Amino acid sequence: MRYRAPRGTTDILPEEQVYWRYVQECASSLAETFGYGRIDTPIFEDTGLFVRTVGEATDIVDKEMYTFEDRGSDQVTLRPEGTAPVCRAYLEHGMHNLPQPVRLYYQISLFRYDRPQAGRYRQFHQFGVEAIGDSDPAVDAEVIELAWRFYERLGLQGLTLALNSIGDKTCRPLYLERLVEYYTPHVEHLCQDCQARIHRNPLRLLDCKQLSCQPYIAEAPVSTESLCDDCREHWGRLTTHLGDLGIAYSVDHRLVRGLDYYSRTVFEILPPEEGSQSTLCGGGRYDGLMEQLGGKPTPGIGFALGIERTILNLKRQGVTVPDQSTTAVAIAHMGEAGGREAVKLAAQLRSAKTSTILLPGQKSLKGQMRHAGSLGARYVVIIGDKEAANGVATVRDLAAAEQREVPLGEVIAAVSQDHSHD
RNA sequence: GUGAGCGUGGCCAAGAGGUUAAGGCGCCAGGUUGUGGCCCUGGAGAUCGGGGGUUCAAAUCCCCUCGCUCACCCCA
């Protein structure tokens, strides 16, 4: 075959769409219930936006971005994440003039140049929210709750919420110092990656997966015990809110998140099965991000969750999704006059919002009936020259295996009867 | 970037050196006069991912290559 979908991309065929619709409708209706408004940002941005915010030492920037120079010699990048563009839009449109916090949600495609595997693609999709302009821990709780309710509504079970605080610009430097201080004597025993992390990105020492590094992680200083007064209070109030909401969480001192812009609250939602790349949802607070983009200091918190991974888990757990059947009416027709009436009738049915297809009239009636049956149509309307001449049509109910002849003008009524028992 | 497994008609899938490469699903056409879902019959559709090699003979053995999948790194 000459062409196929590029590596790491996939076609979402009609039979898959039932999952997508289910998940995406659940996401947007829930977000709107929480008072979030939808935002769509461009699919590509200035490369600098991501380099500066996500962090040069992160894998995303280091090796996963789809970056190219356009014909005008601008460096652009297919967005690898959603938060930075939303923050850019916040600044660009002066949203600080709106009542704070500004609540936004998005459902977008993202692009990361990775080796694809289960639940990971080069083009993938996220649902995410950002609440910008309020540092109240109640907003942290709200955002976490929104993510949690999403999975609850979908019907996924056995998920866990992992929570941590990595401090802010006041206390994190001190914590990092303690961390480096603690690790330095052990440096020779660490894996290659961790030896580099000590200098490049010490926080990441904590989520190393190497077995040999685990003992050092277990004994490492814990960030929540190094928080400054403000961060400690924020943390305490957040956990209180979550308790009040009845949302169970487990504090994970090793949870640090990959992107540079996080501060204070970080969290993830994980599926029941173990697996290192299985995170369903990740988020956190990013109080320093706006300043990096040249705006005034503005707090913010949000999350992003993977649609593909969500659907993967829906399937694994056998969650049944509503399957709105598509075709209600199929019109079989024979002969010149029958064909003309069929085309007109189809138009009328569609304008009455009844999904209708025209069967291939060059086939035998038997062939058309089979066709209708395999489509799962509810009714077949048969119009041959005989019916056309008499101004009638035969309306057959496929499920009931009954049919009757009705005047053409009454076909719509005949196929619109009471489906409440369906 | 690293490692492992796999690549046979649209899909699933037999086949493990030797005449025309099974079968199932799906698709198409029929089973008498304009009628589906079951059943029956027939049909179309594969240079066995690609290239090279071994051999009288390869889908079956060897090498290379491409692709897919899974895992690692990392992340959604």
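Order of the sequence lines sets the chain letters (A, B, ...), proteins ahead of strands, with each chain counted from 1. For clarity, every value in this text was computed on a predicted model and none was experimentally measured.
- Note: CG (A/L211) to P (B/C72) measures 14 Å, nearest angstrom.
- Rounded to whole angstrom, the span from the NE2 atom of A/H371 across to the P atom of B/U35 amounts to 18 Å.
- The side chain of A/R7 contributes an N or O atom lying less than 4.0 Å from OP1 or OP2 of B/C68.
- Contacts of A/A401 with the nucleic acid, taken as non-hydrogen atoms under 4.0 Å apart, include base atoms.
- Taking side-chain N and O atoms only, A/Q117 has a distance below 4.0 Å to OP1 or OP2 of B/C72.
- Using a 4.0 Å heavy-atom criterion, one finds that A/R122 contacts no nucleic acid atom at all.
- In this structure, A/K366 does not reach the B/G30 phosphate: none of its side-chain N or O atoms is under 4.0 Å from OP1 or OP2.
- Shown here, B/U20 forms no base pair; nothing in the strands shown gives a Watson-Crick or G-U wobble contact with both key distances under 3.5 Å.
- When distances are taken from the side chain of A/M369 to each of B/U35, B/C73, B/U69, the shortest belongs to B/U35.
- Taking the ring centroids of A/F150 and A/F127, they lie under the 6.0 Å cut-off.
- B/A58 and B/G53 have their C1' atoms separated by 12 Å, given to the nearest Å.
- Screening A/K63, A/R122, A/R120, A/R7 against A/D114 for a salt bridge (charged side-chain N to carboxylate O under 4.0 Å, His left out) leaves a single residue, A/R120.
- Side-chain N or O atoms of A/Q214 include one that pairs as donor or acceptor with a backbone N or O of A/Q210 at under 3.5 Å.
- Rounding to whole angstrom units, CE of residue A/M334 and P of B/U33 are separated by 12 Å.
- For the pair A/I382 and A/S374, both in contact range of RNA chain B, the more 5′-proximal nearest nucleotide belongs to A/S374.
- Between the P atom of B/C70 and the CD atom of A/E308 lies a distance of 13 Å, rounded to the nearest Å.
- For A/R115, no side-chain nitrogen or oxygen approaches OP1 or OP2 of B/C68 to under 4.0 Å.
- A donor-acceptor contact under 3.5 angstrom links the side-chain atoms of A/E387 to the base of B/G34.
- Within 4.0 Å (heavy atoms only), A/K63 reaches at least one base atom of the nucleic acid.
- Side-chain atoms of A/Q195 come within 3.5 Å of backbone N or O of A/L190 as a donor-acceptor pair.
- Closest to the side chain of A/Q126, out of B/U35, B/A76, B/G30, is B/A76.
- Across all strands shown, A/Q210 has no heavy atoms under 4.0 Å from either base or sugar-phosphate atoms.
- Counting any heavy atom pair closer than 4.0 Å across all strands shown, A/I307 reaches no nucleic acid atom.
- Rounded to whole angstrom, the span from the CZ atom of A/R4 across to the C1' atom of B/G50 amounts to 12 Å.
- The main-chain N or O of A/Y216 is found under 3.5 Å from a side-chain atom of A/Y182 such that the two form a donor-acceptor pair.
- Here B/C27 presents its P atom at 10 Å from CZ of A/R370, a figure rounded to the nearest Å.
- With salt bridges taken as basic N to acidic carboxylate O contacts below 4.0 Å, none links A/D207 and A/R254.
- Scanning atom types as modelled, one donor and one acceptor separated by under 3.5 angstrom connect the side chain of A/Q403 and the base of B/U35.
- The OH-P distance, from A/Y105 to B/A76, rounds to 21 Å in whole Å.
- Atoms CG (A/L398) and C1' (B/C38) sit 15 Å apart, rounded to a whole Å.
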